[in-house]
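Each remark here refers to the structure printed beneath this line.
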Amino acid sequence: MKVVLPDGSPLELPDGATGADAARAIGEGLARAALGVRVSQDGAEPDLRDLTAPLQDGDAIEIVTARSAEDGMGPLWLIRHDAAHVLATAVMELYAGVKISIGPPVEDGFYYDFEFPEGVKLTEDDFERVEARMLEHISADEPFERSELPAVEAIERFRAEGQDYKVELIEDLVRDDGVRTVSLYRNGPFTDLCRGPHGPSTGRIEAFKLTSVAGAYWRGDASRQMLTRVYGTAFLSKSDLEDHLRRLEQARARDHRKLGRELGLFMFSDLAPGMPLWLPAGTQIWNELTRLWRTTNVERGYVEVRTPILYDVDLWKRSGHWQVYRDKMYFTDVEGRAMGLKPMNCPAHCQIYRNELRSYRDLPLRLAEQGLVHRHEPSGTLHGLLRVLHITQDDAHVFCTEDQIEDEVMRCLDFGFFIYDQFGFKPRLELSTRPEKRVGSDEMWDKAEAALRRTLEENGLEYELNEGDGAFYGPKIDSHMTDAVGRSWQLGTVQLDYYMPEQFGLTYVGADNAEHRPVMIHRALMGAFERFIGILIEHYAGEFPLWLSPVQAIMLPIADRHVEYAREVAGRLRAAALRVEVDERSESVGKKIREAEVRKVPYMLVVGDQEQSDGTVAVRRHREGDLGAAPVEEFIERARDEIDRRAR
RNA sequence: GCCGGAGUAGCUCAGUUGGCAGAGCGGCGGUUUUGUAAACCGCAGGCCGUCGGUUCGAGUCCGACCUCCGGCUCCA
């Protein structure tokens with residue numbers, strides 16, 4: 001038979017030859033380096049397989065080595081999958097009676113989920129022991145051997161071993177996918193139910209490390225058994241592992257919680273979990289964002305409103321929140337009247353819509369509010385500014401006719417792109433469709449989902465589909481960004497809603513002089529100021545662009561006799577609306593500079609005898625160093641320009 | 001909410017087998033008058049997360065709760 005190599009050249013092999021045979025036929029070195037083989041049949045997407053898998057005539061193949069591209073299923077995927085099995089091998093040997101569940105490779109590493117016997121637990125203190133045992137198996141270079149077994153026999157076998165999770169997995173495979181045989185992989189003493197593929201042997205795991213232990217629900221279902229998940233990572237070389245660990249450490253240095261404390265941006269109180277207290281410097285950033293929010297909303301035809309945070313429960317019953325969102329709301333009693341803190345601004349904006357008779361000429365009506373909402377999230381999910389209990393949204397509701405939907409949705413998306421562009425953000429888009437817990441008819445959902453999809457596709461926007469994750473009243477297009485350590489967070493959202501206008505009896509008078517029902521687009525672009533600032537802090541690692549910096553310039557007089565000149569210059573800068581401080585302490589210039597650098601103040605203006613007599617400042621830029629002297633006016637002009645352009 | 005870990009000075013962290021609460025940075029006072037990333041000397045600073053228990057004696061051992069951290073589930 002013949003297979004085709006990546007360069008297009010054919011390779012003649014005996015029938016039944018495997019990937020390993022192909023590698024050997026090409027060269028002894030490649031055979032030694034081979035970890036797996038990518039096989040593509042009839043031009044289809046290549047499939048990663050074991051080296052021992054037989055090839056077929058006409059296959060296009062590529063031998064995977066440590067140097068192959070990763071793109072999702074490559075050498076790292078293989079050895080991390082291998083490492084997960086080795087981890088299970090070690091844990092089974094060290095802890096009698098442990099039950100195994102699943103252990104896949106993931107972004108940055110792998111994990112394996114275990115159920116330990118009553119009273120036994122594994123903590124990070126045990127890692128050394130487990131890693132030592134893993135290393136024994138890796139040093140022994142045990143081959144991964146694949147075998148196939150009828151599903152019934154596999155069930156029997158795992159049941160006899162007390163491996164209930166494996167039994168459940170196979171039973172589901174049989175029931176849901178009609179599977180009749182399953183594959184097993186053995187390495188040394190350990191055999192696991194596994195689809196594969198795997199590398200040739202355990203010895204190919206060049207560098208690995210266990211990283212953390214955490215709880216995880218069996219099959220991600222919160223109503224089921226909590227298992228113990230051990231996370232680890234593996235690399236193709238020791239230096240790759242070291243680089244990875246170093247990157248993680250650097251990422252932790254830009255954690256917004258750490259920077260928030262160091263830079264005095266915000267704080268938390270044990271007496272108000274999940275609700276940040278904004279310090280003066282953080283408030284400054286908040287206010288700059290508010291300014292951006294307000295001016296851009298006005299430019300795009302929005303009008304700003306303000307609404308109560310506390311509303312009669314009747315409103316929440318009308319909007320549907322009481323029915324499907326109650327668990328996340330806070331309620332209180334006011335003179336015997338049940339009131340709820342708002343988790344969203346939409347019902348209040350519907351009230352404002354209803355306040356007047358609306359004409360089709362008024363539409364689209366775009367109401368914007370910096371709305372403070374409270375949502376009771378499970379306590380374990382709080383995370384600095386990125387997950388809070390009180391959320392300040394850059395919220396807006398666009399009331400429009402059905403004909404205007406696509407145009408208005410696109411305007412919202414465009415507006416979002418403009419905002420993200422101010423910071424150089426390139427968010428990922430996600431289309432979320434009808435959830436199980438929802439309100440409104442299927443017909444409404446069909447229309448709404450189709451409209452969003454059409455808007456995305458007609459405008460050539462890339463998006464991922466997230467089925468079943470829409471808001472309870474309508475589908476949505478979300479934008480997502482990742483934090484310093486790669487966790488993904490939703491920022492903006494554009495949601496299409498046919499339901500609330502109906503519930504609140506919203507109407508407009510059309511050109512035909514008849515009453516019509518408007519539709520409503522809910523949208524937030526930054527999402528929440530809290531989360532957005534958290535992401536900003538990590539994005540900039542605390543080194544904000546000038547326009548956002550809490551302190552934009554600091555005057556550093558060299559000796560006490562220069563303080564007065566420093567104050568005078570500071571006054572001129574303030575007159576140009578620059579945020580400036582004067583470091584009047586009797587410290588050395590070196591120390592003042594160091595502290596200003598640590599505080600990440602963008603401009604340090606050193607003034608001594610020279611500057612005082614010339615009417616200049618010696619400009620030092622954060623991280624860049626000394627830029628030389630400049631007349632005060634010239635510096636002001638430069639800084640003003642940088643701010644007004646919102647330079648990044 | 002669930003699983004695991006942690007909580008000592010403003011910050012970062014030591015604290016032995018249960019026996020007087022510690023360091024560096026920061027703060028304050030003084031000396032120094034400084035030219036581009038840390039001058040020198042001194043001083044103050046603690047409900048050892050909270051409550052309860054064991055003990056002659058608890059930062060240390062036990063329990064409950066609170067908060068935080070890493071995950072899971074859930075979400076802007």
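So you know, we letter chains A, B, ... as the sequences are listed, proteins then strands, and number each from 1. Values below: all heavy atoms of this structure, side chains included; hydrogens, waters and symmetry mates excluded.
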Taking OP1 and OP2 of [N], is either one under 4.0 Å from a side-chain nitrogen or oxygen of [X]?
X: R219(A); N: U73(B); answer: no
X: Y231(A); N: C72(B); answer: yes
X: R261(A); N: U12(B); answer: yes
X: H383(A); N: G70(B); answer: yes
X: R257(A); N: G70(B); answer: yes
X: K121(A); N: G5(B); answer: yes

Would you kindly say whether N466(A) and T433(A) are connected by a side-chain donor-acceptor distance under 3.5 Å?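 Side chains of N466(A) and T433(A): no pair found under 3.5 Å.
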Does the side chain of D483(A) pick up a donor-acceptor pair with the side chain of W489(A) at under 3.5 Å?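 Yes, W489(A) and D483(A) have a side-chain donor paired with an acceptor closer than 3.5 Å.
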Contacts of R531(A) meeting side chain to side chain donor-acceptor pair (under 3.5 Å) (sequence neighbours excluded), chain-then-number -> none
Among residues at least two apart in sequence or on other chains, which ones pass side chain to side chain donor-acceptor pair (under 3.5 Å) with E464(A)? R428(A)
Regarding [X], tell me which of base, sugar-phosphate or nothing describes its non-hydrogen contacts under 4.0 Å with the strands shown.
X: Q610(A); answer: base
X: A528(A); answer: base
X: A618(A); answer: base

Rounded distance (Å) that lies between atom C1' of U36(B) and atom CD of E611(A):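 Checked: the CD to C1' distance equals 11 Å.
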In whole angstrom, what separates R599(A)'s CZ from G26(B)'s C1'? 14 Å
Give the nucleotide from the list [options] with an atom nearest to the side chain of [X].
X: E377(A); options: U67(B), C75(B), U36(B); value: C75(B)
X: V388(A); options: G35(B), G70(B), A76(B); value: A76(B)
X: K328(A); options: G26(B), C74(B), U34(B); value: C74(B)
X: K476(A); options: A76(B), A37(B), G5(B); value: A76(B)
X: I391(A); options: A39(B), A76(B), G35(B); value: A76(B)
X: V598(A); options: G71(B), A37(B), A76(B); value: A37(B)
X: S586(A); options: U73(B), U33(B), C69(B); value: U33(B)

Annotated structure of RNA chain B as dot-bracket, pair cut-off 3.5 Å, Watson-Crick or G-U only, | for inter-strand, is (((((((..((((.....[..)))).(((((.......))))).....(((((..]....))))))))))))....
Using the P atoms only, state how far C25(B) lies from A21(B), rounded to an integer number of Å.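 The same atom, P, in both gives a distance of 24 Å.
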